[in-house]
Amino acid sequence: MPSALPTRARAVIIGGGVAGCSVAYHLAKLGWTDIVLLERKQLTSGTTWHAAGLLSQSRASPTLQKLTMYSTDLYEQLEAETGVSTGIKRSGSLFAAISDERAEEVRRLASSVRNNGLDGELLTPSEAKTLYPLLNVDDVKLGYFIPRDGQADPANVALAMAKGARQQGVTIFETVKVTGITQANGRVTGVTTTDGSITADVVVNCAGLWAREVGLMAGAAVPLQACEHFYIVTEPIAGLDRSLPVLRVQEECAYYKEDAGKILLGCFEPIAKPWGAHGIPDDHGFTTLPEDFDHFQPILEMAMHRMPALQTAGIKLFFNGPESFTQDDRFHIGEQPELRGFYVLAGFNSVGIVTSGGAGMALAQWIQDGEPPFDLTDMDVRRNQPFQNTKSYLVARVTETLGLLYADHWPYRQFASARGIRQSPLHERMERLGACFGEATGWERPNWFLPPEARARGETADYRYSWGRQNWFPYAREEHLAIRTGVGFFDMTSFGKLRVEGRDAEAVLQRICANDVAVPVGKIVYTQWLNRKGGVEADVTVTRLSETAFLVITPSMTVPRDLAWLKRTMPEGANCVVTDVTAMEAVIPVMGPKARELLAQVTPADLSNAAFPFGTMQDIELGHTRVRAHRVSYVGELGWEIYASADMARHVFDRIWAAGQPMGLKPCGLHTLDSCRLEKAFRHQGHDMSDQEHVLEAGLGFAVKLDKVQGKFGDFIGRQAVIAKKDTGLDKRLVQFKLSDPEAMLYHHEPIWRDGKRAGYITSGNYGHVLGASIGLGYVTGSLGETNTEILTSSYEIEVAGKRIPATASLKPMYDPEGLRVKA
Ligand SMILES: Cc1cc2nc3c(=O)[nH]c(=O)nc-3n(C[C@H](O)[C@H](O)[C@H](O)COP(=O)(O)OP(=O)(O)OC[C@H]3O[C@@H](n4cnc5c(N)ncnc54)[C@H](O)[C@@H]3O)c2cc1C
């Protein structure tokens, strides 16, 4: 054990759990020296020591599965490298599905898991019984076995990585608590501790349950909250097969692990128990929480039915320990947008052992390169909204999210907790019109509307989830058809609105945008913001409001990330400020072939093509006020997005609603926005594009202006990468697909087969009500041909729940390929 704390390090890692040890190990592997890891108690003394140690690799998300597979392989190799055994045992894992719906979910999972590179086998109930004789399969519908899954000793996994890190020169200090994060000019400069201060270029927050509080030391948000987490261990069971796979019966919230001749039964109960909301006791370390048998009892009862051997086995240990959970069941990784050089890896939602090996590797690479090594968008700490770091919100939300890990992962499933936080001024009106609200970034948004006749029948605006057509399918179809043939409106107040203003605003945006924004006042430009690799950091429209002011419109989900990108890429000394004005305006897109006819009744403005062409904005009169009308469309029809000051939005809406009655103006929800945009093959940032997808591979070369006049801050970011890609050619290409079977449903992650070989997966899917089948977008890899259009000569199938369905492919939008309708 080293004695004196150094005063300087290149990187300081806070926390000696599995996450911190992994980051230290992987940074050292990259050749970093002068790394210090600080642990307030002993290594593993937080959550790591008491994990159940399951190594379940299957994930629908390719990125997550890449991380879990990397971890599992690493833990197998660590003993040879370090001499510390991780206790890894690859005896596989078995899912048992009880309902038909869960069997469908498992079939879909099996398809994507195999596509992500992990083999698994669907089993009949009797095959599952043969594999796991203790399992009662009377009501089991399907089994799913993954032979290469396993289990390990969690503490030893962390200690092996700690040893590996030390062998490469990392210094580890135990019983040293970080008490503060120092900073200057927006950059981290080091830490203060109970034993002195250390200056550092990089500080990494791997403080587990404490990561939120450590984040706050730097003014950075790390939304997570501890919950009590339970398992029991039985007395030894005579003759128990030591090579049993891990068993999961998620509908009964339970997992079972063979544990040295005993059964460890753990649970993910539907209503969790947050713990330590008012602060975690300072002496917490290697501690356990009190038993709560009443809480565990319902799980145990189901388990005794599922595994009758438990009826006679005594309970040797009732374990309760805290683990941190997040608002969306995804962990936090990356550089904090609030402070340069301050990174986080925390909030593992009970899969930190199997994830940390890979996540530590990913974060180390990110720190080294200054950018994510692969698509980590879903877990990126820049997704978090400031309100999500409040205790009140977190306590309410994690009460639900723990249980959701084993609940049905229905398409479109909505959170039930912590709702109603952000509301449009039109909220009550939408409610009265029958809105079924969904939640995104705290915003309540109408996802679909229950029509009056359905309300008269006594139906309610609630989801009835399934993997097939859900209860709202016919209503969304009516909305979709109204947009295509009549007129409908949306409440899109949640759009992020960033005002970029100043003498240098144009030059700043010319550097950030791949399209040309040096346009006349009133012009709207669709553009991507690229990184130096040509990857898509943001997908936005930029409207020129005046000589010195622009409005950036972006999805609500990406606002914190886009703000961070603007801030980080802002040239030194630029006369330009960025303000988030999202809450100032409501947005009412009025869309469809009759949109002009409708709006003409509420405004004296000339809405003709000559006076108000597509891709422009005007300040117009509407009712007793003025609004901004943007002639753009995310659904591919004639229409205007009406931006109304929040205080006058109700007045504006009432005028539009009244005028629209004679022509059947239809309230439309987000599901319709999505189904319409998929027919038009409009991309969605975060699904169809990320910072890893090259703008040319995303098929957005038309929005890149290589020869635009360079502003005073030089070429736009990513220009060289676009030129390089044009030279080397594309490695993959985003393609639109339509299934030949009108019944099958696409959501995301369904494998794409090209000429009988795996070639990618669906990045987003929905039903195309005009095209008459499910529509999906997805990247196709493999040889694309000289002009990248030869890929269309291949034959395609999309795998849905294990069944390969022929699909037609297109590079042009299947609906209105020439884009004439928006210009009608
Ligand atoms: C009952 C249970 C079962 C589980 N089963 C599994 C499983 O089967 N598979 C799986 O993958 N995962 C499982 N997990 C989850 C897994 O244990 C955690 O996700 C993982 O251990 C988290 O690791 P960590 O490094 O992020 O946090 P921790 O292990 O808590 O490490 C954080 C460390 O930071 C230190 N620290 C905090 N603040 C400071 C400070 N100011 N200064 C210095 N040091 C500080 C703490 O002392 C602590 O040691 C389970 C968890 C529980 C509770």
Side-chain angles (χ1 to χ4, degrees), residues 12-24 36-57 67-68 71-72 75 93 149-155 157-158 161-162 172-181 191-195 203-217 222 224 226-233 246 248 255 257 259 264 266-268 275 280 282-289 319-326 331-333 344-357 359-360 402 405:
V12 169
I13 296 161
I14 307 168
V18 66
C21 293
S22 178
V23 174
V36 170
L37 187 151
L38 303 175
E39 165 53 49
R40 57 187 269 285
K41 297 277 181 197
Q42 279 82 45
L43 292 181
T44 80
S45 64
T47 299
T48 296
W49 72 279
H50 59 224
L54 315 188
L55 302 178
S56 167
Q57 303 166 87
L67 301 184
T68 57
S71 300
T72 311
Y75 302 162
S93 74
D149 270 357
Q151 48 181 283
D153 174 340
V157 165
M161 286 194 283
I172 296 178
F173 291 87
E174 296 182 296
T175 63
V176 176
K177 182 178 172 185
V178 170
T179 52
I181 311 289
V191 296
T192 56
T193 80
T194 44
D195 287 31
V203 175
V204 190
N205 175 4
C206 296
L209 304 177
W210 299 263
R212 178 178 175 275
E213 278 60 43
V214 169
L216 287 176
M217 292 176 189
V222 184
L224 56 81
C227 287
E228 300 184 30
H229 201 26
F230 306 90
Y231 57 71
I232 58 161
V233 182
V246 167
R248 283 186 189 76
Y255 64 85
K257 182 187 102 162
D259 194 55
L264 181 155
C267 76
F268 286 82
W275 175 80
I280 298 164
D282 202 43
D283 59 355
H284 182 81
F286 293 121
T287 35
T288 60
L289 304 177
F319 185 83
N320 180 7
E323 159 70 335
S324 50
F325 291 85
T326 63
F331 64 91
H332 303 302
I333 186 170
V344 65
L345 182 61
F348 278 106
N349 300 288
S350 207
V351 286
I353 305 303
V354 69
T355 315
S356 281
L402 181 149
L405 289 157

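As the structure is a computational prediction, the values presented were derived from the model and not from experiment. Each ligand, and each atom within it, is numbered from 1 in the order the structure gives.
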Can you name the atoms of ligand 1, numbered from 1 with element, that are less than 4.0 Å from a heavy atom of A19? 25 (O), 26 (O)
Short list, please: which atoms of ligand 1 are under 4.0 Å from a heavy atom of Y231? 1 (C)
Can you tell me if G53 contacts ligand 1 (heavy atom of the residue under 4.0 Å from the ligand)? yes
Y231 OH to K257 NZ distance, which is reported to the nearest 0.5 Å: 7.5 Å
Nearest 0.5 Å, what's the CE-CD1 distance between M217 and I14? 7.0 Å
Under the 3.5 angstrom rule, does the side chain of S45 hit a backbone N or O of K41 as a donor-acceptor pair? no
Region of F230 engaging ligand 1 - heavy atom pairs below 4.0 Å: neither
Option of least heavy-atom distance to atom 29 (O) of ligand 1 (set: L224, I14, T48): T48
Tell me which part of L38 gets within contact of ligand 1: side chain, backbone, both or neither, using heavy atoms under 4.0 Å. backbone
Using a strict 4.0 Å cut-off to heavy atoms of W210, name the atoms of ligand 1 that fall inside it. 37 (C), 38 (N), 46 (C), 48 (C)
Closest approach of any protein heavy atom to atom 8 (O) of ligand 1, naming residue and atom: L54 N, 2.7 Å
Min heavy-atom dist T179 to ligand 1 below 4.0 Å: no
Does ligand 1 have an atom that lies less than 4.0 angstrom from a heavy atom of G285? no
Using a 4.0 Å cut-off to any heavy atom of G321, which atoms of ligand 1 qualify? 53 (C)
Quick one: does any side-chain atom of T326 pair with a main-chain N or O of F331 as donor and acceptor, under 3.5 Å? no
Atom OG in S71, atom CD1 in I353: separation rounded to 0.5 Å? 9.5 Å
Under 3.5 Å: N/O of E323 near N/O of ligand 1: yes
Report the distance from atom CH2 of W49 to atom CG of L43, rounding to the nearest 0.5 Å. 15.0 Å
Sub-3.5 Å N/O-N/O distance, Y255 and ligand 1: no
Is the closest N or O pair between T355 and ligand 1 shorter than 3.5 Å? no
At less than 4.0 angstrom from any non-hydrogen atom of G17, what atoms of ligand 1 do you find? 25 (O), 29 (O), 31 (O), 33 (C)
Heavy-atom gap P154 to ligand 1 smaller than 4.0 Å: no
Considering V354, V12, T47 one by one, which has a heavy atom nearer to atom 28 (P) of ligand 1 than any of the others? T47
Ligand-side contact atoms (ligand 1) for residue partner G208, heavy atom cut-off under 4.0 Å: 26 (O), 27 (O), 32 (C)
Please assess W275 against H229 for the test ring-ring contact (aromatic ring centres under 6.0 Å, His included), listing each intermediate value before the final yes or no. CA-CA 10 Å; W275 175 80; H229 201 26; over 10 Å; no
Using heavy atoms and a 4.0 Å limit, tell me yes or no: is P322 in contact with ligand 1? yes
The answer for which part of C206 has a heavy atom under 4.0 Å from ligand 1 is backbone
Per-atom contacts of ligand 1 with V351, taking only distances under 4.0 Å to non-hydrogen atoms: 10 (C), 11 (O), 12 (N)
Under the salt bridge (charged side-chain N to carboxylate O under 4.0 Å, His left out) rule, collect the residues that match up with D282, sequence neighbours excluded. K177
Does I353, backbone or side chain, put an N or O under 3.5 Å from an N or O of ligand 1? yes
So, 4.0 Å and heavy atoms of A346: is ligand 1 close enough to count as a contact? no
Is there any N or O on H229 that sits under 3.5 Å from an N or O of ligand 1? no
Look at atom 13 (C) of ligand 1 and say which protein heavy atom is nearest, naming residue and atom and giving the distance to 0.1 Å. S350 O, 3.2 Å
Provide the number and element of each atom of ligand 1 under 4.0 Å from a heavy atom of A52. 3 (C), 4 (C), 5 (N), 6 (C), 8 (O)
Taking side-chain contact (heavy atoms from CB on, under 4.5 Å) as the test, write out the residues that go with L405, two or more places apart. F268, F325, D329, N349
V214 N/O to ligand 1 N/O under 3.5 Å: no
So is there a nitrogen or oxygen of V178 less than 3.5 Å from a nitrogen or oxygen in ligand 1? yes
Are any of the N or O atoms of G20 closer than 3.5 Å to those of ligand 1? no
Using 0.5 Å steps for rounding, measure from the CG atom of L55 to the OH atom of Y75. 7.5 Å
Judging by distance only, is a nitrogen or oxygen of H50 under 3.5 angstrom from one on ligand 1? no
